[in-house]
Amino acid sequence: MMHLCDSLATAIIPGSRKGSSMKISEEQAVSFRQYDINGMFSVEARGLWDTRNDLMGGPFLAYLTVYPSRKEVLLQYAYVYRPNQPKRDLLLQLEAYMHSLQFRSE
């Protein structure tokens, strides 16, 4: 899961400097937890992200959810970048959005 998050972040989210990109921080361990979101198997990952060749970073939250009825897997990834400001409330809001995601057919 973390390799997938790292690959997507590197490809999609550039850093502020040329040649920089987002990655999961290696300085702190990522915590994992598995549980159900709306009755479907999910894995949650929490940790810190930073950038290659730049000085940016902050908390991230990722959910990998299995939808057996649709034969799909959904990866939700949220990160906060807010230098010198509190980040907890923003991360809690993103977590609430991620938990409330529903498809029209459900």
Quick one: [atom1] on [X] to [atom2] on [Y], what's the gap to the nearest 0.5 Å?
| X | Y | atom1 | atom2 | value |
| --- | --- | --- | --- | --- |
| M22 | D54 | CE | CG | 11.0 Å |
| Q76 | E95 | CD | CD | 11.0 Å |
| L94 | Y79 | CG | OH | 10.5 Å |
| K23 | T51 | NZ | OG1 | 8.0 Å |
| L61 | Y97 | CG | OH | 14.0 Å |
| L91 | R82 | CG | CZ | 12.0 Å |

For [X] and [Y], work out which heavy atoms get closest and say how close.
| X | Y | value |
| --- | --- | --- |
| Y81 | G57 | CD1-O, 3.7 Å |
| Y77 | A62 | CD1-CB, 3.8 Å |
| A45 | F32 | CB-CE2, 3.7 Å |
| I24 | F60 | CG2-CE2, 4.0 Å |

Q. Any chain of hydrophobic side-chain contacts (each under 4.5 Å) joining L48 to M98?
A.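 No, because L48 and M98 fall into different hydrophobic clusters, even though each may have its own neighbours under 4.5 Å.
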Q) Transitively linked via ILVMFWY side-chain contacts under 4.5 Å: V80 with L55? A)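 No: no chain of side-chain contacts under 4.5 Å links V80 to L55.
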Q: Answer yes or no: are there more than 12 heavy-atom neighbours, outside Q85 itself, under 6.0 Å from its atom CD?
A: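 Result for CD/Q85: enclosed.
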Q. Do R46 and S31 have side-chain atoms, one donor and one acceptor, less than 3.5 Å apart?
A.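 No, no side-chain donor-acceptor pair sits under 3.5 Å.
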